[in-house]
Visitor: 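Before I ask anything, here is the structure I am working with.
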Amino acid sequence: MKINRLFNLFAGILIIGLIFSSCEKKTIIPDIPVVDTTVVISFSADIQPIFDDNCVMCHVTGHASGLDLTPGNSYQSIMDNNIVNIDTPNESLIYMKLNNGHYDNASISDYNLILTWITQGALNN
Ligand code: HEC
């Protein structure tokens with residue numbers, strides 16, 4: 001009898017554990033930027049290098065997506081493609097795309113840098 005109860009207890013714990021783990025959120029990036037938002041992000045010094053390292057192997061001039069992330073062209077192309085949303089930064093296409101696992105190898109801190117840059121007005125600074 002006692003063993004049976006113990007078994008039921010363990011089975012219960014297991015089921016509860018399974019339910020909770022299946023509810024785990026898939027999003028890998030928190031909506032709140034982890035970078036220090038008091039530091040002004042520079043498009044040329046902080047954001048372009050992310051594109052240089054992770055995006056320009058595809059996003060060159062004339063890329064099928066229409067998005068050119070090469071130095072000198074990237075800012076204008078970002079604006080032309082309307083992929084930043086200054087009013088609701090985490091709904092920016094560039095951020096949502098990366099957040100949903102785009103082809104690139106950029107890190108979570110890179111995503112947050114991009115989000116913070118948008119939050120600060122997506123300046124060409
Ligand atoms: C392996 C190639 C590849 C890499 C690397 C890559 N992309 Fe893309 N990207 C694509 C393709 C192909 C599309 C068009 C299809 C789609 O929307 O998924 C695209 C589309 C996009 C779009 C949507 C453009 C629009 O106007 O609809 C955004 C934003 C974007 N990429 C951002 C990035 C950023 C930022 C990086 C680097 C951090 C990056 N991509 C790296 C191939 C790539």
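Hydrogens, waters and symmetry mates play no part in the numbers below; they use all other heavy atoms, side chains included. Source: prediction; values computed, not measured. Remember, it's 1-based here, ligands and their atoms both numbered in the order they're listed.
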Visitor: Any idea which atoms of ligand 1 are less than 4.0 Å away from a heavy-atom of I94?
Guide: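 Near I94, meaning under 4.0 Å from one of its heavy atoms, ligand 1 has 29 (C), 35 (C).
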
Visitor: Would you kindly specify which portion of N82 sits under 4.0 Å from ligand 1, judged on non-hydrogen atoms: side chain, backbone, both or neither?
Guide: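 The answer is neither.
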
Visitor: Does the protein come close to atom 30 (C) of ligand 1 - that is, does one of its heavy atoms sit below 4.0 Å from that atom?
Guide: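 It does: a protein heavy atom is found less than 4.0 Å away from atom 30 (C) of ligand 1.
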
Visitor: Mark up the atoms of ligand 1 that fall under 4.0 Å of a heavy atom belonging to N81, in ascending order.
Guide: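 Reading through ligand 1 atom by atom, the close ones are 26 (O).
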
Visitor: Report the residues that fulfil side chain to side chain donor-acceptor pair (under 3.5 Å) with S42, sequence neighbours left out, ordered by chain and then residue number.
Guide: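 Residues passing side chain to side chain donor-acceptor pair (under 3.5 Å) with S42: S44.
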
Visitor: Does the side chain of Q120 reach to within under 4.5 Å of the side chain of N125, using non-hydrogen atoms?
Guide: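 Side chain of Q120 against side chain of N125, heavy atoms only: no contact under 4.5 Å found.
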
Visitor: Kindly say whether D110 contributes a backbone atom to a donor-acceptor pair with the side chain of S107 at under 3.5 angstrom?
Guide: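 Pair found, side chain donor or acceptor close to backbone of D110.
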
Visitor: For atom 5 (C) of ligand 1, what's the nearest protein heavy-atom neighbour? Residue, atom name and distance, please.
Guide: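 Checking every protein heavy atom, the shortest distance to atom 5 (C) of ligand 1 gives N54 O, 3.4 Å.
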
Visitor: Check ligand 1 against L93 and write out every atom of the ligand that is under 4.0 Å from a heavy-atom position of the residue.
Guide: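 Those qualifying, in numeric order: 25 (C), 27 (O).
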
Visitor: Using non-hydrogen atoms of the residue, decide whether L69 is closer than 4.0 angstrom to ligand 1.
Guide: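 True for this residue.
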
Visitor: Does at least one non-hydrogen atom of I50 fall below 4.0 angstrom from an atom of ligand 1?
Guide: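 So I50 does not count as touching ligand 1.
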
Visitor: If the cut-off is 4.0 Å to any non-hydrogen atom of I83, which atoms of ligand 1 fall inside it?
Guide: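 Close to I83: 26 (O), 29 (C).
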
Visitor: Would the distance check show the side chain of Q48 and the main-chain N or O of L69 forming a donor-acceptor pair, the cut-off being under 3.5 Å?
Guide: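 Looks like yes, one N/O pair under 3.5 Å.
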
Visitor: Checking H59 against T70: is there a side-chain donor and acceptor pair closer than 3.5 Å?
Guide: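 H59 and T70 do not have a side-chain donor-acceptor pair below 3.5 Å.
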
Visitor: What protein atoms of element N, O or S are positioned under 2.8 Å from atom 8 (Fe) of ligand 1?
Guide: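 Sorted hits: H59 NE2, H102 NE2.
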
Visitor: To the closest 0.5 Å, what do you measure between CD1 (I41) and CG (N112)?
Guide: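 It comes to 10.0 Å.
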
Visitor: With a 4.5 Å cut-off on side-chain heavy atoms, are F51 and I114 touching?
Guide: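 I114 vs F51: side chains touch.
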
Visitor: According to side chain to side chain donor-acceptor pair (under 3.5 Å), who are the partners of N81, at least two apart in sequence or on a separate chain?
Guide: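 With neighbours one apart ignored, the set is S77.
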
Visitor: Enumerate the ring-ring contact (aromatic ring centres under 6.0 Å, His included) contacts for residues 66-88, please, sequence neighbours excluded, ordered by first and then second residue.
Guide: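 Qualifying pairs: F43-Y75.
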
